[in-house]
S.K.: 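This structure is in structure tokens; I'll ask about it shortly.
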Number of protein chains: 2
Amino acid sequence: MLVNINTHRPPIDGHLAALAGERAPCSEYRYRKGTEIFGEGEEAEYVYQITAGAVRTHKLLTDGRRQINAFHLPGDMFGFENGSNHRFTAEAIIETDVRIMRRGSIIEATKNRTGGTRSLLRLVTQNLQHAENHMLLLGRKTAPERVATFLVEMDARLGHPQLMTLPMSRRDIADYLGLTLETVSRALSRLRDQNLLRFEGTTQRRIELLRREELAELGP
Amino acid sequence: MLVNINTHRPPIDGHLAALAGERAPCSEYRYRKGTEIFGEGEEAEYVYQITAGAVRTHKLLTDGRRQINAFHLPGDMFGFENGSNHRFTAEAIIETDVRIMRRGSIIEATKNRTGGTRSLLRLVTQNLQHAENHMLLLGRKTAPERVATFLVEMDARLGHPQLMTLPMSRRDIADYLGLTLETVSRALSRLRDQNLLRFEGTTQRRIELLRREELAELGP
DNA sequence: ACGGTCTGTTGATTTGGATCAAGCGGCCGG
DNA sequence: CCGGCCGCTTGATCCAAATCAACAGACCGT
């Protein structure tokens, strides 16, 4: 489900513009909650940057087991592939606005600009670094450690807000951390009971972190 | 432990040479079994390509739990970092020969060659792709599935030899797959009992895969 | 050749997290 | 405003893999 809200918008500040320069055409689209942006195996036609909302990218096993690679927040780019096909599926977690540029334009643009491919390289390396840290989490951390690590990561990426609002469900968190949603829920309740965090209101997605340092120590 | 066996050797065919061109100086070194090539956090001074042997790269938690990111075989490159410090430790699994080039030389060289940074990008993207697949394994596959996936991966990387000789121990395999060495050993014994593989001789590291297709189906 | 250490296998037992199950409150559409 | 569904929590039970334990053969240096 795809709604074009503003085509041929002049590129504004951000990584996408930085990558491709001021010449390449770029559009803005809106995806509704839960909709697919692209699917695993599809041809990689566009590169995306989020302006508002949140996106998850995942892989599936044949029987439906799901692993979420990453969550993407405003400012983040995703969908860049070396080959011509996407290696995973991307979906909007909530209503999400993205700036879109044709893959071909990026490739053209980086060819003609010193440092263009270099920015791309930095982008991919950051993703690799995140993946390396996440392999350590998935391979060797316990459930409470994974959840603590997750909270610290989201807190940092949201800029240490007083109150953080998670866009994703417990199931999404579980599929990111290699756990079940029940285990995630229990771990969060445990942290609440230990006064390391507090749920704001009744929604369970607005969380205030009390004692961030102790939380950080729980995710070694 | 570092033994210089041949400095200022003219670069021969391979990725390193392809990356940097024929101009950049490169040396060859030998590391003995079990020795560290570089440590996590150290300054990234060199980039490496294996000519013989095998290397593992890993991260540690403070209490010693280990996650092996990747195994590197002859022809593979490793140690390239975007920042100036290594994000993990690299060790020789067996006696290993590597071709070494200064990081700075690579950076210089790629600046002056069209497609230089592009080759680097392809390299990093391949690592990222491997990491994404490995996250799926670590987050969502069962122990028998992990071991089957591992065997299929090594078989492919070694070029589907009639008899494959694994350079790494059961503990290394376990730390790569997020399991214990006992679980890996049991899974291998189970596959042997099912006539999906055979141990050659008494060493337990020489394995013949019988019925590769069925093995591939076990690692969905 | 020999003793010690290292690597791997196998068996017994434990346990962390998965699975199964019930219930609650919010939210959305009619 | 109501009814059903969805997201989440919590409790009971189960099970796959970890842990604990014993042992056997290979490999190493002397």
S.K.: For a quick test of your reading: what N or O donor-acceptor pairs under 3.5 Å do the side chains of residues 86-95 of chain A make, sequence neighbours left out?
M.R.:
{"from": "His86(A)", "atom 1": "ND1", "to": "Glu81(A)", "atom 2": "OE2", "distance (Å)": "3.4"}
{"from": "Arg87(A)", "atom 1": "NE", "to": "Glu132(B)", "atom 2": "OE1", "distance (Å)": "2.7"}
{"from": "Arg87(A)", "atom 1": "NH1", "to": "Glu81(A)", "atom 2": "OE1", "distance (Å)": "2.9"}
{"from": "Arg87(A)", "atom 1": "NH2", "to": "Glu132(B)", "atom 2": "OE1", "distance (Å)": "3.3"}
{"from": "Arg87(A)", "atom 1": "NH2", "to": "Glu132(B)", "atom 2": "OE2", "distance (Å)": "3.1"}
{"from": "Thr89(A)", "atom 1": "OG1", "to": "Glu40(A)", "atom 2": "N", "distance (Å)": "3.0"}
{"from": "Glu91(A)", "atom 1": "OE1", "to": "Arg56(A)", "atom 2": "NE", "distance (Å)": "2.8"}
{"from": "Glu91(A)", "atom 1": "OE1", "to": "Arg56(A)", "atom 2": "NH2", "distance (Å)": "2.9"}

S.K.: Could you state the atom-to-atom distance from CZ of Arg66(B) to P of dA18(D) in whole Å?
M.R.: 15 Å

S.K.: Just call it for Arg192(A): base, sugar-phosphate, or nothing, with non-hydrogen atoms closer than 4.0 Å on any strand.
M.R.: sugar-phosphate

S.K.: Taking atom CG of Leu218(A) and atom CZ of Arg190(A), what is their separation to the nearest 0.5 Å?
M.R.: 9.5 Å

S.K.: Could you give the CE-to-P distance, from Met168(A) to dG7(D), as a whole number of Å?
M.R.: 15 Å

S.K.: With respect to the side chain of Arg205(A), which nucleotide from dT10(D), dG7(D), dT7(C) is positioned closest?
M.R.: dG7(D)

S.K.: Judged by atom type as modelled, is there a donor-acceptor pair below 3.5 Å linking the side chain of Gln49(A) to the main-chain atoms of Ile100(A)?
M.R.: no

S.K.: Heavy atoms within less than 4.0 Å of DNA chain C: which residues of residues 176-186 of chain B have one? Give them sorted by number.
M.R.: Leu181(B), Glu182(B), Ser185(B), Arg186(B)

S.K.: Can you tell me how far C1' of dC8(D) sits from CD1 of Ile207(A), to the nearest Å?
M.R.: 12 Å

S.K.: Would you indicate, yes or no, if dT9(D) has its OP1 or OP2 atom less than 4.0 angstrom from a side-chain nitrogen or oxygen of Arg170(A)?
M.R.: yes

S.K.: Hey, could you give me the CZ/CG distance between Arg186(A) and Leu179(A), rounded to the nearest 0.5 Å?
M.R.: 11.5 Å

S.K.: Quick one: closest heavy-atom pair of Pro220(A) and Leu61(B), and the distance?
M.R.: O-CD2, 3.1 Å

S.K.: Specify the separation, in whole Å, of atom CG of Asp193(A) and atom C1' of dT9(D).
M.R.: 11 Å

S.K.: Taking CZ from Arg146(B) and P from dA17(D), how many angstroms apart are they, rounded to a whole number?
M.R.: 8 Å

S.K.: For Thr202(B) and dG25(D), is the shortest distance between a side-chain N/O and OP1 or OP2 below 4.0 Å?
M.R.: no

S.K.: Nearest nucleotide by nearest heavy atom, which residue falls closer to the 5' end of DNA chain C, Arg140(B) or Gln204(B)?
M.R.: Gln204(B)

S.K.: Rounded to whole Å, please give me the gap between CG in Asp63(A) and P in dA18(C).
M.R.: 15 Å

S.K.: Please step through side chain to side chain contact (heavy atoms under 4.5 Å, CB included) for the pair Gln194(A) and Glu214(A), ending with a clear verdict.
M.R.: CA-CA 11 Å; Gln194(A) 294 172 150; Glu214(A) 284 183 59; over 6 Å; no

S.K.: Rounded to whole angstroms, how far apart are CZ on Arg190(A) and P on dT10(D)?
M.R.: 13 Å

S.K.: Nearest whole Å is fine: how far is dG17(C) P from Leu188(A) CG?
M.R.: 14 Å

S.K.: How would you label the contact of Thr203(A) with the nucleic acid (heavy atoms, under 4.0 Å): base, sugar-phosphate, or nothing?
M.R.: nothing

S.K.: Under a 3.5 Å distance rule, please check whether Arg211(A) uses its side chain to pair with a backbone N or O of Asn195(A) as donor and acceptor.
M.R.: yes

